[in-house]
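Take a look at the structure set out below.
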Protein chains: 4
Amino acid sequence: MSKIESNKQKKRDSLLNASFDFFMTKGLEKTSISDIIEKAGVAKGTFYLYFKDKYDIRNKLVIHKSAQLFSSAYEALQEAGLDNIQDKIIFVVDHIIEELSDNKALLTFLHKDLTWGIFRRVLDPHSPFAEEINVGGIYKKLLEQSGVVFVEPDIMLFMIIELAGATSYSAIVDGIPCSIEDLKPYLYRSIKDIINAHIQD
Amino acid sequence: MSKIESNKQKKRDSLLNASFDFFMTKGLEKTSISDIIEKAGVAKGTFYLYFKDKYDIRNKLVIHKSAQLFSSAYEALQEAGLDNIQDKIIFVVDHIIEELSDNKALLTFLHKDLTWGIFRRVLDPHSPFAEEINVGGIYKKLLEQSGVVFVEPDIMLFMIIELAGATSYSAIVDGIPCSIEDLKPYLYRSIKDIINAHIQD
Amino acid sequence: MSKIESNKQKKRDSLLNASFDFFMTKGLEKTSISDIIEKAGVAKGTFYLYFKDKYDIRNKLVIHKSAQLFSSAYEALQEAGLDNIQDKIIFVVDHIIEELSDNKALLTFLHKDLTWGIFRRVLDPHSPFAEEINVGGIYKKLLEQSGVVFVEPDIMLFMIIELAGATSYSAIVDGIPCSIEDLKPYLYRSIKDIINAHIQD
Amino acid sequence: MSKIESNKQKKRDSLLNASFDFFMTKGLEKTSISDIIEKAGVAKGTFYLYFKDKYDIRNKLVIHKSAQLFSSAYEALQEAGLDNIQDKIIFVVDHIIEELSDNKALLTFLHKDLTWGIFRRVLDPHSPFAEEINVGGIYKKLLEQSGVVFVEPDIMLFMIIELAGATSYSAIVDGIPCSIEDLKPYLYRSIKDIINAHIQD
DNA sequence: AATGAATGAGCTTTCATTCAT
DNA sequence: GATGAATGAAAGCTCATTCAT
């Protein structure tokens with residue numbers, strides 16, 4: 001990579017990191033371009049050289065960060081040596097919940113700004129973001145390897161993500177209705193029920 | 001109520017209605033005080049006589065609107081003549097989902113702006129908002145009447161609300177992962193499973 | 001007029017005068033809102049309380065200033081005691097040229113920014129700007145009083161204004177192709193010819 | 001011409017053409033250097049290798065385009081076989097008006113940006129732009145060939161150009177005060193009068 | 001209690017120009 | 001000669017909030 005190219009990458013990363021910090025602490029709407037460029041240490045105009053506006057940078061961040069979470073959970077799964085599909089899925093969910101417990105700001109950011117409209121691109125194997133990690137393909141492979149046939153696997157994944165996402169956010173961030181550790185037995189029990197409800201007889 | 005008092009109430013309601021319309025269509029951040037007072041037909045300064053800022057008015061709206069939803073669902077439940085607790089809860093959830101399907105703007109508003117921090121006040125029987133409707137008390141009474149003993153009924157309610165809220169929002173507004181009608185069987189099955197998981201043996 | 005009303009008028013006039021000074025010296029495009037409000041001694045937001053943008057204030061100025069020029073020329077005409085229509089028209093043209101010779105900045109401003117689209121409103125008796133002075137009505141009355149019948153009086157007025165405007169601008173501002181005094185005999189001769197060409201036999 | 005030289009010429013022309021397109025459609029002030037270099041397909045810095053700023057490129061365009069218009073009209077005149085000087089001048093004016101009627105954008109561009117300060121260089125036989133076409137020399141020759149002696153021929157040319165320019169712009173672009181076709185009889189009559197007023201007895 | 005004129009900080013965005021490569 | 005990344009001043013405009021009336 002030439003000096004210019006590496007310098008460009010540095011600037012872009014600088015902007016992404018600065019944006020991320022502010023989105024997590026102040027939220028999207030309360031973060032201004034001025035905040036971002038000041039922290040990133042670049043000029044105003046430079047921002048617009050790399051991103052259309054703050055919604056553009058937000059989308060790119062959401063996709064990148066969520067793909068990263070899955071990626072890390074999947075790597076851990078490989079080494080966990082589980083063979084039951086229910087256990088595998090709960091392992092992945094648990095891994096992500098653990099990471100988010102340690103990073104509440106990231107959790108808040110993703111909870112507010114991760115819409116299905118955007119997340120779909122992470123799941124879509126044909127999306128340009130699939131480079132980072134092919135989440136959709138991995139999920140599909142996981143189900144196939146289980147030897148079990150599933151009814152409506154997309155709805156199943158959707159319900160697990162929504163239930164886990166909504167409840168764990170509230171528990172981790174607000175402690176409502178209880179701590180995440182207290183919630184987990186109930187949550188995982190429900191996830192198991194959801195999986196079982198989608199297994200074809 | 002004196003003429004002055006009723007005039008004040010009229011102004012207050014005017015501001016609440018105008019805000020609600022804008023919050024639903026433009027969203028909280030994109031709605032300005034000017035938008036609100038213009039539609040409400042009052043002067044700029046008058047806004048600050050009744051509310052601290054737009055976040056104040058937002059909170060009051062969220063509580064009022066969500067209490068209304070439960071109230072309407074509960075009234076219908078009285079006349080439905082159901083005796084099973086599972087059926088009763090699913091009836092209420094279904095009633096609310098139906099109302100929100102017909103009023104997507106309200107759904108969007110509540111989804112974005114209804115936090116547990118605020119909603120807690122609707123459930124709390126000692127909150128000043130309990131005047132409107134004592135949601136927490138009604139839920140408790142419902143469980144008692146069922147003759148069944150529940151483990152952690154608060155967690156149970158929480159999980160039902162979060163699962164139903166998150167999945168139905170996505171299905172109704174974006175049609176993801178499917179229509180709300182297609183989702184219902186899976187959703188209600190999961191709700192039943194959640195309830196059963198909380199029944200004490 | 002209440003204190004508030006008179007204060008508003010003062011602010012509005014302040015903005016108009018400041019704009020006018022800048023439009024004349026720097027031109028429309030090179031004048032910024034900041035220039036204007038600074039000279040006017042009001043806050044940024046105040047500008048937008050009175051005008052939509054700088055094009056709005058420009059239009060209002062152009063109309064006002066050109067109506068003023070005609071008004072002043074017409075008053076002088078009343079006292080000149082001329083009876084010939086050719087002499088009357090040339091008197092008005094000459095009066096305006098004299099005023100503009102003494103005020104080159106105004107000439108430049110009107111030359112650049114006085115379009116027929118805008119000026120039409122000064123001529124139109126039904127325009128809201130006709131309050132200031134009914135230029136169109138006066139011109140019509142002048143022709144009627146002359147006892148002469150004119151063919152296409154609108155085209156005649158148009159040609160006189162365009163010829164006088166374009167040539168006198170160049171002569172006064174740039175001295176091209178000669179001084180305004182040297183140009184006058186030729187210009188007025190041509191105006192007379194234009195008038196005569198429009199008299200019905 | 002060497003390959004390098006022709007490449008340079010290509011870049012220069014590219015910039016001129018791109019500028020012209022934008023000046024005609026968006027106007028000078030609303031056209032940015034970025035617009036120009038993007039359409040021209042060269043780098044930002046390259047612009048400054050060929051032109052000082054956009055006013056520089058504008059001046060060069062105005063001169064080139066107006067010389068072209070005269071050139072084309074003069075060529076047509078050669079083949080028209082007219083012998084009367086009035087007819088010849090009106091032929092040239094008419095030819096230019098016809099071309100501009102078919103190219104309103106060019107008309108707008110020249111009307112706004114063709115100042116006498118710039119145009120003088122087209123007329124001046126000693127100007128470097130006289131290479132393209134010696135408009136001033138041709139006009140002088142035309143008068144000489146007519147056998148008539150003119151008083152102040154420069155003023156005469158000036159008045160014709162200003163009258164024709166100002167009135168035909170308004171008629172063609174805005175249809176004010178009438179269509180260009182309806183205006184022509186009055187305009188050409190006035191031009192004839194102007195010419196006659198400059199013939200020495 | 002109600003008004004709405006006034007404020008000015010702060011927003012997003014554009015742009016001519018420079019200069020290291 | 002040519003490039004285009006980077007700059008940062010400056011543009012137009014919005015807005016929550018204040019306060020004299």
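Letters A, B, ... mirror the listed sequences (proteins, then strands); counts begin at 1.
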Nearest whole angstrom, please: distance from the [atom2] of [N] to the [atom1] of [X].
X       : N      : atom1 : atom2 : result
C/Arg12 : E/dA5  : CZ    : C1'   : 15 Å
C/Phe47 : E/dA5  : CZ    : C1'   : 17 Å
C/Leu49 : F/dC13 : CG    : C1'   : 13 Å
B/Lys10 : E/dA1  : NZ    : P     : 18 Å
D/Phe51 : F/dA2  : CZ    : P     : 12 Å
A/Asn7  : F/dG4  : CG    : C1'   : 13 Å
B/Glu38 : F/dT14 : CD    : P     : 13 Å
A/Ile37 : F/dA5  : CD1   : C1'   : 16 Å

Would you mind pulling out the nucleotide paired to F/dA9, Watson-Crick or G-U wobble, both distances under 3.5 Å?
E/dT14
Pairing partner of E/dC19, by Watson-Crick or G-U wobble and under 3.5 Å for both distances, is F/dG4
Contact letters for nucleotides 15-21 of chain F, in which S counts primed atoms plus P, OP1 and OP2 and B counts the base, heavy atoms under 4.0 Å:
BSBB--S
Partner set under salt bridge (charged side-chain N to carboxylate O under 4.0 Å, His left out) for D/Lys26, not counting sequence neighbours:
D/Asp35
Those residues that, when tested against D/Glu38, pass salt bridge (charged side-chain N to carboxylate O under 4.0 Å, His left out) (two or more places apart):
none
A/Asp56 and side-chain hydrogen bond (donor to acceptor under 3.5 Å, both in side chains): which partner among A/Lys54, A/Lys52, A/Lys60, A/Arg58?
A/Lys60
Could you check whether the rings of D/Phe109 and D/Phe20 sit parallel, tilted or perpendicular, using 30° and 60° as the cut-offs?
perpendicular
Base, sugar-phosphate or nothing for C/Tyr50? Non-hydrogen atoms, less than 4.0 Å.
sugar-phosphate
By nearest atom, which of the nucleotides F/dT7, F/dT3, E/dA1 is closest to the B/Lys8 side chain?
E/dA1
Quick one: is the NZ or CZ of D/Lys39 closer than 6.0 Å to the six-membered ring centre of D/Phe22, and within 45° of its axis?
yes
Mark yes or no for whether A/Thr108, through its side chain, and A/Lys104, through its backbone, hold a donor-acceptor pair below 3.5 Å.
yes
Around D/Lys112, counting heavy atoms of other residues, nucleotides and ligands shown, do more than 12 lie under 6.0 Å from its NZ?
no
Would you indicate, yes or no, if F/dA5 has its OP1 or OP2 atom less than 4.0 angstrom from a side-chain nitrogen or oxygen of A/Lys11?
no
